[in-house]
Amino acid sequence: MAALRNQLRLYLVTDPELCAQIGVVETVRRAVAGGVTMVQLRDKHATTAQRTDLAVALKAALQGTGVPLLINDDVVAAAAADADGAHIGQGDISTAQARAILGPDKILGLSCETPQTVRDVDPLIVDYLGLGPVFGTATKADHAQPTGFDGLARLIALSSLPNVAIGGLKSDHINGVMSSGADGMAVVSAICGQSDPQAAARAFDTFKPEGRP
């Protein structure tokens, strides 16, 4: 579990539109060189076949880095690409169904936006929680009511599972995220679409995993 907490420290969620100039694969490659510790492939408009193909390309780019690749909302693509796991939301398939498709050894993350959704999580099925949104964000138009850092801390206190804060987060928010007790922070536009994804990732250097130089 300690290893997973470290992998969640700087969690990049991809956005194909923001990454259009240099592409998702190259954005990820540069961001990981700058310190990203986990990558989630998120493309709401792609087909499962398209997500699978992109996941295979991302796996090749991540080979040797130790950075896990997860796929958002598509456990079938995650299984087909032999990705490291998947992340699902409350409106997707059940966590039991997702675990059955992924198998016991893959990482399964679940978005939780309210105290009740955190309390309902089965820690024998789910590996980590995505908590928020901390702030409103244009990269997810249908997001729930933002929690702010106080609300984030209340959600974190309800579960011993590893967690990552998400929703409108930038490098300016590192102190707030750390003070809330989160294991990590997920970012989208803070790295995707930036002219230098490697430098953008390095802006989160003070949130680097323990033991990382």
Side-chain angles (χ1 to χ4, degrees), residues 4 7-8 10-33 36-113 125-133 137-144 164 166-167 169 184-194 197 200-201:
L4 180 55
Q7 289 170 329
L8 291 169
L10 181 53
Y11 184 129
L12 174 63
V13 179
T14 66
D15 183 306
E17 293 181 6
L18 292 176
C19 295
Q21 187 168 1
I22 62 174
V24 171
V25 174
E26 187 59 25
T27 297
V28 166
R29 193 193 312 274
R30 297 182 192 182
V32 168
V36 160
T37 55
M38 184 173 279
V39 174
Q40 181 191 120
L41 190 175
R42 185 170 77 182
D43 186 344
K44 295 287 188 184
H45 303 296
T47 64
T48 291
Q50 290 169 331
R51 292 191 192 102
T52 302
D53 289 345
L54 182 52
V56 170
L58 286 170
K59 276 188 62 181
L62 293 172
Q63 188 171 12
T65 66
V67 173
L69 172 67
L70 277 61
I71 300 182
N72 179 267
D73 291 352
D74 194 338
V75 293
V76 173
D82 193 25
D84 297 287
H87 185 97
I88 62 174
Q90 295 291 327
D92 301 317
I93 65 172
S94 73
T95 55
Q97 290 174 308
R99 177 57 72 195
I101 295 170
L102 289 173
D105 299 327
K106 299 295 187 181
I107 301 170
L108 178 60
L110 176 67
S111 295
C112 292
E113 299 156 345
I125 296 177
V126 175
D127 296 302
Y128 78 92
L129 306 179
L131 301 177
T137 171
T139 61
K140 189 172 183 179
D142 59 344
H143 64 74
V164 61
I166 190 167
L169 296 172
M185 57 195 299
V187 300
V188 186
S189 60
I191 293 178
C192 292
Q194 299 299 315

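The figures here come from the full heavy-atom set of this structure, side chains too, leaving out hydrogens, waters and symmetry mates.
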Exercise for the section: Taking the side chain as every heavy atom from C-beta outward, state whether I101 and I93 have any pair of such atoms under 4.5 Å apart. Expected result: yes

Completion exercise
When rounded to the nearest 0.5 Å, the distance separating CG of D84 from CG of L58 is 11.0 Å

Problem - Partners passing side-chain hydrogen bond (donor to acceptor under 3.5 Å, both in side chains) against D82 (at least two apart in sequence or in another chain) - result: K106

Handout entry: Side-chain donor or acceptor of Q97 paired with backbone N/O of S94 under 3.5 Å
Key = yes

Problem - The single option from V28, I22, L12 passing side-chain contact (heavy atoms from CB on, under 4.5 Å) against C192 - result: L12

Fill in the blank from the handout: A190 meets the side chain to side chain contact (heavy atoms under 4.5 Å, CB included) criterion, sequence neighbours left out, with K170, V187, F204

Problem - Any side-chain heavy-atom pair of L54 and V24 under 4.5 Å - result: yes

Practice task
Could you name each residue pair satisfying ring pair (Phe, Tyr, Trp, His ring centres under 6.0 Å) that touches residues 52-86, not counting sequence neighbours?
Solution key: none

Exercise for the section: Supply the atom-to-atom distance T14 OG1 to D43 CG, rounded to the nearest 0.5 angstrom. Expected result: 7.0 Å

Exercise for the section: Provide the full list of side chain to side chain donor-acceptor pair (under 3.5 Å) pairs with a residue in residues 19-31, sequence neighbours left out, each pair given once. Expected result: E26-R29, E26-R30

Problem - Contact check, side chains of N72 and V13, non-hydrogen atoms, under 4.5 Å - result: no

Handout entry: Pairs involving residues 52-102, ordered by first then second residue, that meet ring pair (Phe, Tyr, Trp, His ring centres under 6.0 Å) (sequence neighbours left out)
Key = H87-Y128

Problem - Y11 side, atom OH; I166 side, atom CD1 - distance, nearest 0.5 Å - result: 7.0 Å

Problem - Pairs involving residues 12-31, ordered by first then second residue, that meet ring pair (Phe, Tyr, Trp, His ring centres under 6.0 Å) (sequence neighbours left out) - result: none

Handout entry: Non-hydrogen side-chain atoms of L41 and L70 separated by less than 4.5 Å
Key = no

Exercise for the section: Quick one: list whatever passes side chain to side chain contact (heavy atoms under 4.5 Å, CB included) with L131, sequence neighbours left out. Expected result: C112, V118, L129, L152, L155, I156, N163

Exercise for the section: Quick one: closest heavy-atom pair of I191 and A31, and the distance? Expected result: CG2-CB, 3.7 Å

Completion exercise
Heavy atoms of Q194 and P197 approach each other most closely as O-CD, 3.6 Å

Practice task
Please identify each residue that fulfils side chain to side chain contact (heavy atoms under 4.5 Å, CB included) with T48, with sequence neighbours left out.
Solution key: R51, T52, D74, V76, A77

Completion exercise
Taken to the nearest 0.5 Å, the spacing of T95 OG1 from L110 CG works out to 6.5 Å

Handout entry: Residues which pass side-chain hydrogen bond (donor to acceptor under 3.5 Å, both in side chains) with D73, listed by chain and number, not counting sequence neighbours
Key = K44

Exercise for the section: Measure the spacing between CD1 of I107 and CE of M38 and express it to the nearest 0.5 Å. Expected result: 4.0 Å

Fill in the blank from the handout: Closest non-hydrogen atoms of I71 and A55, given as atom of the first, atom of the second and distance, are CD1-CB, 3.6 Å

Exercise for the section: For A86, enumerate each residue passing the side chain to side chain contact (heavy atoms under 4.5 Å, CB included) test, keeping only those at least two apart in sequence or located in another chain. Expected result: V75, A78, L102

Handout entry: Which residues share a salt bridge (charged side-chain N to carboxylate O under 4.0 Å, His left out) with D127, sequence neighbours left out
Key = R99

Practice task
List for me each residue that meets side-chain hydrogen bond (donor to acceptor under 3.5 Å, both in side chains) alongside D92, sequence neighbours excluded, and say none if there are none.
Solution key: none

Practice task
Evaluate the side-chain proximity of V56 to K59: yes if any heavy-atom separation is below 4.5 Å, no if none is.
Solution key: no

Problem - T37 (side chain) donor-acceptor with Q7 (main chain) under 3.5 angstrom - result: yes

